[in-house]
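In what follows, a single structure is set out as structure tokens and then discussed.
The figures here come from the full heavy-atom set of this structure, side chains too, leaving out hydrogens, waters and symmetry mates. Numbers restart at 1 for each chain; the letters A, B, ... are given by sequence-line order, proteins then strands.
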2 protein chains.
Amino acid sequence: MRIAIDAMGGDNAPNAAVKAAQRIAEKYPNDEFLLFGNEEQLTVKLGNDKAENTKIVPTTEMIETGDEPTKAVRRKKDSSLVRAARAVRQGEADALISAGNTGALLTVATIVIGRIRGVDRAAILVDVPNLQRPGQSFSYIDAGANSEAKPKHLHQYALMASRYASDVKGIENPRVGLLNNGAEEEKGTPVTKEAHQLLKNEPAIQFVGNVEARDILNDPADVIVTDGFTGNAVLKTVEGVAMTFAGLLKSAVKDGGVRAKMGGALLYKSLKKQLSGIDVSTLSGGLFFGVKQPVIKAHGNATEDDLARAMEQAISIVESKLYDRLAELLKQQKEEAKNTDE
Amino acid sequence: MRIAIDAMGGDNAPNAAVKAAQRIAEKYPNDEFLLFGNEEQLTVKLGNDKAENTKIVPTTEMIETGDEPTKAVRRKKDSSLVRAARAVRQGEADALISAGNTGALLTVATIVIGRIRGVDRAAILVDVPNLQRPGQSFSYIDAGANSEAKPKHLHQYALMASRYASDVKGIENPRVGLLNNGAEEEKGTPVTKEAHQLLKNEPAIQFVGNVEARDILNDPADVIVTDGFTGNAVLKTVEGVAMTFAGLLKSAVKDGGVRAKMGGALLYKSLKKQLSGIDVSTLSGGLFFGVKQPVIKAHGNATEDDLARAMEQAISIVESKLYDRLAELLKQQKEEAKNTDE
């Protein structure tokens with residue numbers, strides 16, 4: 001198995017990618033880790049104790065965070081990202097990882113690697129820590145790839161994410177919920193109402209109905225389906241509110257005098273235990289669905305640990321052969337839909 | 001001034017409404033507070049020390065939380081809600097307050113009281129505590145009245161909420177932001193992109209551009225405009241995440257042994273001070289805009305305090321004559337738009 005890594009993407013590039021690749025390469029000696037990027041920089045960073053199964057693939061360009069995605073992908077043909085994506089397309093690698101420009105990654109995922117038949121739009125799935133079941137997570141799709149979605153797109157997202165939950169995460173008969181502004185099936189926009197009916201009548205998933213945003217952290221489902229605009233808004237709100245509360249708590253300890261400082265010290269261990277289920281770093285990584293090969297977006301400020309986790313996630317997805325089965329599943333769906341139409 | 005109160009709506013009805021009305025009636029001896037509801041119950045609750053300026057208006061029916069809004073309004077003509085709304089329509093009262101069924105309130109607001117000319121849709125405005133400026137709040141519109149919005153509706157929401165922020169809350173030249181999935185003006189759905197242009201070119205407001213959900217609690221604007229579906233999702237997420245974190249903190253203190261309990265006790269005062277700016281009870285009350293007279297939706301489980309606050313809010317809005325000016329403003333806007341079209 002070979003994993004293609006855009007080593008130049010993200011705030012901590014190329015350091016974080018190089019270190020993560022070295023670590024994971026030692027753990028998985030039979031797999032190969034291809035680091036795409038500036039040859040000189042990567043050679044220096046890898047140093048003398050380079051693992052045999054990490055390879056440098058020299059590239060001369062870089063797509064920056066501020067670059068306009070489509071233009072950048074078209075023009076910077078020798079960028080680490082485009083080259084890594086082409087390697088996946090040409091069968092020289094099995095999965096792609098980048099912590100760089102999200103729009104550019106979405107562009108190479110759909111244009112260079114390509115969508116699977118029967119899927120109209122790629123979507124980003126994010127695993128969010130499940131506070132009610134420490135160590136577990138629920139999958140949230142679409143976290144922001146497409147700002148608009150038709151009912152049939154939400155249906156496709158549900159099918160793909162449900163299979164991911166069962167085949168990669170090992171959740172038996174995953175519960176699939178639809179994010180909506182009310183529990184009743186007649187609530188919502190025309191899009192969510194129609195999507196509700198599609199999901200309800202889909203035998204391949206276990207649909208548990210509408211999920212309200214208020215309950216999102218209370219384990220309402222294993223998979224939560226929504227359009228990319230609402231998905232982005234809700235996930236970013238979770239992130240923002242969590243950070244705000246963490247900040248308030250810190251200020252309460254820091255600015256509250258000796259008593260508060262002592263209180264904070266005494267409470268620290270127990271609070272840390274309560275919060276152990278939450279790993280905010282996983283909040284903004286994402287897995288692209290609807291494309292032919294696994295593409296993983298790590299957070300822009302992903303650390304070595306984050307990227308190592310992304311690499312292990314890539315390995316387990318490639319091993320599961322999930323993407324091949326999804327291609328098969330969606331193709332069938334499309335043919336069935338065609339037959340029904342005729 | 002007369003305030004019409006649906007005394008039978010909400011979990012704590014009629015107790016909370018009666019007590020709140022008594023309290024506020026004493027504070028505002030020149031205004032009148034009309035309690036619509038079951039005569040016997042209200043008479044008992046008001047008791048002997050009934051303020052002279054609280055009046056009972058006997059009604060025989062009640063709209064329940066689970067009732068289908070439009071049907072309930074049509075059928076239960078002698079319900080406390082419908083009767084209170086009719087009183088406002090007929091000029092017997094200046095504003096309407098209810099803690100009951102939101103859909104039914106929206107229905108009476110638009111059908112019985114009526115929309116102002118030039119406004120296509122009513123919207124709910126919610127004031128959210130501003131954590132960066134204790135005691136202040138920002139206004140969030142539409143919090144869920146209409147699940148879909150066209151660009152022109154977002155434009156109308158912005159105009160109305162900006163005037164509310166300046167004329168009632170006294171914020172000079174309020175900053176208006178558009179909730180979107182990116183800061184750049186080319187980001188978003190076709191609706192948010194077009195709305196961005198409308199707001200940017202609207203001289204009557206100070207548009208500060210797109211606001212991302214992550215920053216929503218960081219004082220990005222005095223008014224945040226969005227459609228009711230996203231608005232509901234984001235506000236409910238804020239509520240849900242805040243409650244989850246409060247729960248985790250409580251568990252950390254309660255289940256962490258003696259050390260944690262001591263820590264919690266020592267930290268309590270300072271934390272309470274940090275959190276003093278947050279009053280979650282204000283989060284789910286809402287003010288209907290786009291209708292002819294002020295309509296206030298109190299939270300379903302609104303307490304006496306919440307309802308008293310709603311009554312004072314109603315008084316200050318009626319006093320400001322904001323709704324008359326909004327009717328004038330929107331009428332002008334409509335005429336200008338017509339002239340431009342011709």
Looking at CG of A:L179 and NZ of B:K236, how far apart are the two atoms once the value is rounded to the nearest 0.5 Å?
11.5 Å
What distance do A:T192 atom OG1 and B:F229 atom CZ have between them, rounded to the nearest 0.5 Å?
5.0 Å
Is atom NZ of A:K193 surrounded by more than 12 heavy atoms (other residues, nucleotides or ligands) closer than 6.0 Å?
yes
Tell me, side chain or backbone of B:D215 under 4.5 Å from chain A's heavy atoms, or both, or neither?
neither
Heavy-atom distances under 4.5 Å only: say whether A:T226 touches chain B with side chain, backbone, both or neither.
neither
Return the option, out of A:G240, A:A213, A:G182, with the maximum number of heavy-atom pairs under 4.5 Å with chain B.
A:A213
Identify the two heavy atoms, one from B:R259 and one from A:L266, that lie closest to each other, and give their separation to 0.1 Å.
O-CB, 3.4 Å
If you tally heavy-atom pairs under 4.5 Å between each of A:N181, A:T230, A:V191 and chain B, the highest tally belongs to A:N181
CG-CG distance between B:L267 and A:L271, expressed to the nearest 0.5 angstrom:
9.5 Å
One should read off an interatomic distance between A:E239 CD and B:E212 CD, to the nearest 0.5 angstrom, of 10.0 Å
Might you confirm whether atom NZ of A:K261 has over 12 heavy atoms from other residues, nucleotides or ligands at distances under 6.0 Å?
yes
Structural part of B:A265 lying under 4.5 Å from a heavy atom of chain A
backbone
Atom pair CG/CE of B:L217 and A:M243 - distance to nearest 0.5 Å:
11.0 Å
Heavy-atom proximity to chain B below 4.5 Å, by part of A:T244:
side chain
Around A:K187, counting heavy atoms of other residues, nucleotides and ligands shown, do more than 12 lie under 6.0 Å from its NZ?
no
Can you check whether anything in residues 142-156 of chain B gets within less than 4.5 Å of chain A, heavy-atom wise, and list it by number?
B:S147, B:E148
Could you measure the distance from the CG atom of B:L235 to the CZ atom of A:R214? Nearest 0.5 Å is fine.
10.0 Å
Quick check for you: among B:L249, B:V241, B:I216, which has the greatest number of heavy-atom pairs under 4.5 Å with chain A?
B:V241
Neighbourhood of chain B inside residues 250-258 of chain A, taking heavy atoms under 4.5 Å as contact:
A:S251, A:A252, A:V253, A:D255, A:G256
